[in-house]
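Below is one structure; the comments refer to it alone.
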Protein chains: 2
Amino acid sequence: MNPKLLRGSLDTIIIKLLNDNGEMYGYEITQKVKELTGDTIKITEGALYPSLHKLEGKGVLAVETRSIGNRYRKYYSITKQGKSELATMLEDMKAYMQSMELLLNPKLA
Amino acid sequence: MNPKLLRGSLDTIIIKLLNDNGEMYGYEITQKVKELTGDTIKITEGALYPSLHKLEGKGVLAVETRSIGNRYRKYYSITKQGKSELATMLEDMKAYMQSMELLLNPKLA
DNA sequence: CTCTATACCTAAGAATCTTATGTAATAATT
DNA sequence: AATTATTACATAAGATTCTTAGGTATAGAG
């Protein structure tokens with residue numbers, strides 16, 4: 001899929017996934033998105049990690065580093081503020097998608 | 001609506017509108033999009049005109065300047081190349097929207 | 001032992017937009 | 001008649017958000 005289309009919706013995807021699945025680490029998010037979309041959407045790590053850091057900085061996500069044997073993972077979870085922002089983001093996304101349907105399938109014009 | 005979501009889909013909107021409506025001028029496109037989406041999507045001129053010029057430069061659109069009384073309009077229309085690219089763009093957009101549905105409504109997980 | 005997968009990260013550059021501004025003709029309002 | 005809003009084009013600076021290309025390191029498979 002043309003990755004240009006993903007622009008602007010990455011944050012919504014991340015927050016929605018964390019809202020539904022409790023806590024997740026970065027790499028897990030990339031795999032989950034590939035799995036759920038049948039390899040259609042592939043989130044690059046160069047886009048993901050800066051977004052996670054940004055969302056954490058804004059207070060939308062919380063992070064906890066855990067040791068797994070000799071290595072570590074950073075588990076992210078959604079905050080209260082994140083939950084309230086998610087509501088707005090989902091409304092916006094819904095409005096956007098409905099509008100795109102109207103533009104691309106103007107059958108009732 | 002959050003204008004971030006529009007990133008990446010502006011070209012698809014422009015080309016699809018021109019495909020369906022024959023020829024249109026820039027300002028007309030902004031009005032048509034507002035009308036079709038019930039004021040949800042508002043294309044700014046700062047985004048539109050550079051895109052039109054870019055698409056014309058790529059051979060996707062053709063342009064014809066016409067005098068209307070004492071002023072002028074630049075009418076854009078889709079080229080053969082544009083028609084073939086539109087097919088790909090619509091497929092991509094459809095795939096993207098289906099994937100977003102899967103991510104945002106994972107009812108069948 | 002080498003290659004792949006897992007798991008984190010950053011930085012340069014490209015692309016695409018917003019915001020602000022400019023010009024000018026026409027239409028509507030006061 | 002004068003002013004404001006709408007129509008219609010345009011560009012440029014800056015912000016944002018990606019891609020691409022690297023880097024580090026552990027774990028597992030062949």
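Both backbone and side-chain heavy atoms feed into the values below; hydrogens, waters and symmetry mates do not. By convention in this document, chain letters (A, B, ...) are assigned in the order of the sequence lines, proteins followed by strands, and residues within each chain are numbered from 1. Quick caveat, the model's predicted, so the values are computed rather than measured.
- Residues satisfying the side-chain contact (heavy atoms from CB on, under 4.5 Å) test with B:Met97, not counting sequence neighbours, are A:Met97, A:Met100, A:Glu101, B:Met93.
- In this structure, A:Asn70 has no side-chain contact (heavy atoms from CB on, under 4.5 Å) partners at least two apart in sequence or on a different chain.
- Nearest-nucleotide mapping onto DNA chain D: of B:His53 and A:Arg7, the residue sitting toward the 5' end is B:His53.
- Listed by chain and number, the residues in a side-chain contact (heavy atoms from CB on, under 4.5 Å) with B:Met24 are B:Leu17, B:Leu18, B:Asn21, B:Glu28, B:Ile29, B:Lys32 (sequence neighbours excluded).
- Across its full length, the helix from C:dC1-D:dG30 to C:dT30-D:dA1 shows an angle of 20° between the axes of its 5 terminal pairs at either end, rounded to 10 degrees.
- Taking only side-chain nitrogens and oxygens, B:Lys74 comes nearer than 4.0 Å to OP1 or OP2 of D:dA10.
- In this view, B:Thr79 and B:Ala62, B:Gln81 satisfy the side-chain contact (heavy atoms from CB on, under 4.5 Å) rule, not counting sequence neighbours.
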Show me, pair by pair, the donor-acceptor contacts under 3.5 angstrom made by side chains of residues 71-78 of chain A, not counting sequence neighbours?
{"from": "A:Arg73", "atom 1": "NH1", "to": "A:Tyr75", "atom 2": "OH", "distance (Å)": "3.0"}

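- For B:Glu64, the salt bridge (charged side-chain N to carboxylate O under 4.0 Å, His left out) test picks out B:Arg66, with sequence neighbours left out.
- In the 5' to 3' direction, nucleotides of DNA chain C lying under 4.0 Å from heavy atoms of chain B begin and end at C:dT16 to C:dT26.
- Heavy-atom distances under 4.0 Å link DNA chain D to B:Glu45, B:Gly46, B:Tyr49, B:Pro50 of residues 39-51 of chain B, given in residue order.
- At a non-hydrogen distance threshold of 4.0 Å, B:Arg71, B:Tyr72, B:Arg73 from residues 57-73 of chain B come into contact with DNA chain D.
- A side-chain donor-acceptor contact under 3.5 Å links B:Tyr96 and A:Ser9.
- Of all heavy-atom pairs spanning A:Leu104 and B:Thr12, the tightest one is CD2-CG2, 4.5 Å.
- Annotation: salt bridge (charged side-chain N to carboxylate O under 4.0 Å, His left out) contacts of A:Lys83 (sequence neighbours excluded): none.
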Solution key, residues 43-50 of chain B side-chain donor-acceptor pairs under 3.5 Å, sequence neighbours excluded:
{"from": "B:Thr44", "atom 1": "OG1", "to": "B:Ala47", "atom 2": "N", "distance (Å)": "3.4"}

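- Residue B:Met89 holds its CE atom at 11.5 Å from CG of B:Asn19, rounded to the nearest 0.5 Å.
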